[in-house]
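Data first, discussion second: the structure below is written as structure tokens.
Bear in mind the structure is a predicted one, so any value in this text is a computation, not a measurement. Note: hydrogens, waters and symmetry copies are ignored here, and every other heavy atom, side chains too, is used.
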Amino acid sequence: MEEQKQGTVRLLSGITAREALAILDERSQPFRRLMAFYRAAIMEVETKFNVLNAELSLQYERNPIETIKTRLKSINSIMDKLQRKNLPLTIEAVEQNIFDVAGIRVICSFPEDIYLLAEALLRQDDIVLLERKDYIQNPKESGYRSLHLLVETPIFLMHEKRPMKVEVQLRTIAMDFWASLEHKLRYKKQMPADAEAIGEELRICAQISAELDNRMQAVRKRIEAEME
Ligand code: 0O2
């Protein structure tokens with residue numbers, strides 16, 4: 001045991017800081033490479049939505065997409081998730097079990113735009129739908145609404161074509177407004193004693209935002225009908 005300890009001490013003191021950095025750099029290379037692939041996959045899917053938005057804006061003279069937000073899951077969040085799932089901290093475990101490393105959030109004007117865009121994306125022959133969770137038709141217990149699509153899309157590298165998973169969340173501005181504020185409130189360190197009542201209040205706010213979405217969509221339809 002003592003010898004083992006001494007062995008470690010000799011190793012640590014036997015390398016320079018530069019050598020230690022070089023080892024770290026070499027060890028993290030496969031992970032950084034994987035993250036670069038996920039970044040490329042985000043770019044691919046984001047471009048697809050931008051193209052659809054441009055086409056639909058020509059067709060209907062309005063942009064169904066308000067904004068697109070993208071995010072690559074941080075290394076800390078990836079490690080936390082692997083540990084929560086009792087999985088090894090390996091590249092393979094990330095690829096096979098963490099499906100939201102590449103995330104893209106599409107904020108639409110109206111609920112109908114969400115389904116229009118989702119169907120248009122899923123019709124593309126290089127997109128494979130792996131999972132669909134419709135939290136608009138079936139909101140979560142918290143009141144959360146959004147359409148989640150887990151898709152696989154290829155990225156084209158110098159010598160290979162690699163399928164990559166991307167999680168797409170489609171929401172309206174009202175859904176995003178609710179989710180952003182609820183997320184901020186929920187992650188406050190100290191939940192107050194009346195957490196149950198607050199949860200209920202947030203569910204009511206979610207219902208109001210759903211009502212707002214439906215009414216705004218109805219107004220749009222009335223205007224369109226009159227213009228026709
Ligand atoms: P972040 O930082 O937004 O990525 P899993 O993804 O497997 O851990 P689950 O429940 O199967 O868990 O995934 P699901 O239902 O697809 O939801 C995951 C993401 O949806 C969350 O990501 C949030 O972005 C969003 N979401 C789901 N439920 C709620 C909710 O009640 N409130 C809010 N504000 N957002 C929600 P992460 O990983 O939590 O975080």
Q: Please say whether more than 12 non-hydrogen atoms of neighbouring residues, nucleotides or ligands are located less than 6.0 Å from CZ in F177.
A: no

Q) So, R203 and E196, do they make that salt bridge, N to O below 4.0 Å? A) yes

Q) To the nearest 0.5 Å, what is the distance between OG1 (T70) and CZ (R39)? A) 10.5 Å

Q. Do other residues, nucleotides or ligands put more than 12 heavy atoms under 6.0 Å from R32 CZ?
A. yes

Q: Mind listing the closest non-hydrogen atom pair of I42 and R71 along with its distance?
A: CD1-O, 3.5 Å

(Q) If you count heavy atoms of other groups shown closer than 6.0 angstrom to CE of M216, is the number above 12? (A) no

Q.
Please find the pair of heavy atoms, one from L170 and one from A118, that lie closest to each other, and give the distance.
A. CD1-CB, 4.2 Å

Q: Indicate yes or no: does R132 engage E119 in a salt bridge with an N to O separation below 4.0 Å.
A: yes

Q: Answer with yes or no whether the side chains of R220 and S109 bring together a donor and an acceptor at under 3.5 Å.
A: no

Q.
How long is the straight-line distance from OG1 of T172 back to CZ of F110, given to the nearest 0.5 Å?
A. 10.0 Å

(Q) Let me confirm one number: the CD-CG distance from E112 to D213, rounded to the nearest 0.5 Å. (A) 11.0 Å

(Q) Would a single hydrophobic cluster contain both L121 and L150, if residues Ile, Leu, Val, Met, Phe, Trp and Tyr are joined by side-chain heavy-atom contacts under 4.5 Å? (A) no

Q) Going by side-chain heavy atoms closer than 4.5 Å, which hydrophobic residues are tied to I107, directly or by a chain of links? A) I173

Q) For Y144 and R171, does a side-chain donor sit closer than 3.5 Å to a side-chain acceptor? A) yes

(Q) For the CG atom of L149 and the CD atom of Q169, what is their distance to the nearest 0.5 Å? (A) 10.0 Å

Q) Which heavy atom in S74 sits nearest to a heavy atom in S77, and how many Å separate them? A) OG-OG, 2.9 Å

Q. Any donor-acceptor pair under 3.5 Å linking the side chain of D113 with the backbone of C108?
A. no

Q: To the nearest 0.5 Å, tell me how far C205 SG sits from I198 CD1.
A: 11.0 Å

Q) Which heavy atom of A41 sits nearest a heavy atom of M164, and at what distance? A) CB-CB, 3.6 Å

Q.
Checking side chain to side chain contact (heavy atoms under 4.5 Å, CB included) between V151 and each of L130, D126, L122, V128, which is the one that passes?
A. L122

Q: Over all heavy atoms of both residues, which pair between V94 and Y38 is shortest? Give the atoms and the distance, please.
A: O-OH, 4.4 Å

(Q) Nearest 0.5 Å, please: how far is CD in Q124 from CD in E44? (A) 10.5 Å

Q.
Salt bridge or not between R162 and E95? Use side-chain N to carboxylate O under 4.0 Å.
A. yes

